[in-house]
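Read through the structure below, which is laid out as structure tokens, and then see the notes.
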Amino acid sequence: MDFKLTEEQELIRKNVREFCEKYVEPIAAEIDENSRHPAELFHKLSEGGWMGIPIPTEYGGAGADYLTHIIVVEELSRSCSSTGFTVSIHVGIGCTLILLFGTEEQKRKYLTPMAEGKHLGAFVLTEPGAGTDVLAATTTAVLDGNDYVINGTKVFTSNGPIGDTYLVFAWTDKTAGRKGMSAFIVPKGTPGMKAGEHLRKMGLRSSQTSEMIFKDCRVPKENLLGKEGMGLQMAMSGFDSGRIGIAAQCVGIMQAALDESIRYSKERVQFGTPISRHQAIAWMIADMATDLSAARFLTYYAAWLKDQDQSFRKEAAIAKLFASEAVMKHTTKAVQIYGGYGYCKGAKVERLFRDAKFTEIGEGTSEAQRMVISANVLR
Ligand SMILES: Cc1cc2nc3c(=O)[nH]c(=O)nc-3n(C[C@H](O)[C@H](O)[C@H](O)COP(=O)(O)OP(=O)(O)OC[C@H]3O[C@@H](n4cnc5c(N)ncnc54)[C@H](O)[C@@H]3O)c2cc1C
């Protein structure tokens with residue numbers, strides 16, 4: 001068993017950390033406060049090659065492994081969870097699904113600019129009446145000549161208002177049940193597709209989330225991803241990869257909350273001594289360090305399995321479930337260590353606490369992860 005990261009992975013971590021300290025950390029509070037998508041930052045992320053780390057070089061990526069991408073998401077999330085998540089869903093679901101299921105032409109036309117960071121991807125599955133219950137979706141895609149015509153309303157689409165390449169899931173044959181949904185690549189500007197207003201959220205505020213409305217939206221037949229009826233299978237496969245990214249997002253938030261807690265507890269004096277010397281605080285920090293280690297190992301293990309081409313659905317769900325529940329306990333402790341100052345704007349732990357909650361909901365709630373895990377261990 002080798003727990004050591006490669007020299008290349010360590011170097012990329014160092015480079016991303018330096019990048020974050022220079023470009024992400026200084027704007028993280030402002031983009032959260034204003035729910036602003038930092039286009040200028042994403043331009044720099046593209047230049048750095050961070051938007052397509054695990055995608056082969058022939059399709060515009062860096063040709064590295066998935067674990068390296070996970071380290072990038074972790075380090076970005078340590079400074080700004082919204083930025084980490086945007087990269088995570090763009091690469092982990094958007095790019096990954098086209099890489100796995102796209103035709104050669106789709107890879108050249110759509111994946112390459114995405115992996116180069118010129119185009120941002122979006123995953124358009126959830127609907128107002130269909131969250132955990134994906135099969136309750138009502139959006140349809142009807143073949144008409146050489147086009148599919150998409151009609152329906154989606155909700156909670158990350159990158160909705162700012163995306164370039166949308167992966168849209170719709171029924172092509174509702175009577176076929178789990179084999180009746182299909183996925184389509186819909187480029188920005190396609191007539192009939194419209195993004196709603198950016199939703200105001202508790203956390204992850206600079207990640208842009210919106211409704212997507214499809215009204216007689218025509219896409220050519222060649223924009224079908226995979227085969228007709230494979231939509232659900234592809235969505236689940238996208239979740240498998242994406243969930244490791246959410247777990248990495250948790251690890252980044254946890255590292256930041258621990259760093260902040262250690263620093264503050266050594267500075268803050270009460271009863272004539274730094275609060276870190278009060279055992280109650282020291283033990284909170286010990287528990288935080290323990291949860292962080294466990295979350296990081298589970299996350300890296302799931303990514304490593306993916307890189308070995310081994311099955312990783314259960315391990316991705318385990319990593320996401322553990323890390324997202326741990327990050328909630330962890331950021332609660334960080335706010336507690338800060339006392340009243342942690343409850344106020346200006347303390348980084350306040351933002352980390354709000355950002356953490358998303359991880360128990362997005363890409364399948366904790367209950368959904370338990371469904372995946374129990375289905376795998378009880379069979
Ligand atoms: C910030 C943000 C970004 C998102 N980005 C995207 C995106 O890019 N693309 C996309 O398609 N979706 C996205 N989502 C949607 C997300 O995946 C859904 O919110 C999530 O799957 C839950 O669906 P829901 O919100 O409709 O909750 P519901 O499914 O209505 O669930 C409500 C509650 O009931 C529980 N529940 C439901 N069914 C069961 C059951 N059978 N057993 C036990 N408990 C159950 C859930 O766990 C939850 O606690 C995003 C959501 C958020 C908040």
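All ligand and atom numbering here is 1-based and tracks the order in the structure. The structure displayed is predicted, hence computed values, not measured ones.
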Based purely on interatomic distance, does [X] place a nitrogen or oxygen under 3.5 Å from a nitrogen or oxygen of ligand 1?
{"X": "I89", "answer": "no"}
{"X": "D133", "answer": "no"}
{"X": "E367", "answer": "yes"}
{"X": "T132", "answer": "yes"}
{"X": "T157", "answer": "no"}

Check the side chains of R178 and Q233 for a donor-acceptor pair under 3.5 angstrom, ignoring hydrogens and angles. no
Any salt bridge between R108 and E104, counting N to O under 4.0 Å? yes
Ion pair present between E325 and K329, side-chain N to carboxylate O less than 4.0 angstrom? no
Contacting atoms of ligand 1, where contact means under 4.0 angstrom from a heavy atom of [X]:
{"X": "K201", "result": "1 (C)"}
{"X": "E363", "result": "17 (O)"}
{"X": "M371", "result": "39 (C), 40 (C), 41 (N), 42 (N)"}
{"X": "L125", "result": "11 (O)"}

Nearest-neighbour protein heavy atom for [atom], which is reported as residue plus atom name and distance:
{"atom": "atom 16 (C) of ligand 1", "answer": "T126 OG1, 4.0 Å"}
{"atom": "atom 22 (C) of ligand 1", "answer": "T365 CG2, 3.8 Å"}
{"atom": "atom 53 (C) of ligand 1", "answer": "F358 CD1, 4.1 Å"}
{"atom": "atom 24 (P) of ligand 1", "answer": "G131 CA, 3.9 Å"}
{"atom": "atom 3 (C) of ligand 1", "answer": "S158 OG, 3.3 Å"}
{"atom": "atom 20 (C) of ligand 1", "answer": "I361 O, 3.6 Å"}

Polar side-chain atom of [X] near backbone of [Y] as donor-acceptor pair, under 3.5 Å:
{"X": "D291", "Y": "A326", "result": "no"}
{"X": "Q9", "Y": "T6", "result": "yes"}
{"X": "S265", "Y": "I262", "result": "yes"}
{"X": "Q106", "Y": "E222", "result": "yes"}

Less than 4.0 Å from atom 9 (N) of ligand 1, is there any heavy atom belonging to the protein? yes
Scan the protein's non-hydrogen atoms and note whether one is under 4.0 Å from atom 33 (C) of ligand 1. no
As a check for students: among F239, F156, F123, F85, identify the option with a heavy atom nearest to atom 4 (C) of ligand 1. F156
Pair F184 + F169: ring centers closer than 6.0 Å: no
Other residues, nucleotides, ligands: >12 heavy atoms within 6.0 Å of E197 CD: no
Determine, for Y264 and R268, whether the Lys NZ or Arg CZ falls below 6.0 Å from the six-membered ring centre while staying within 45 degrees of the axis. no
NZ (K320) and CD1 (I244) are apart, to the nearest 0.5 Å, by 12.5 Å
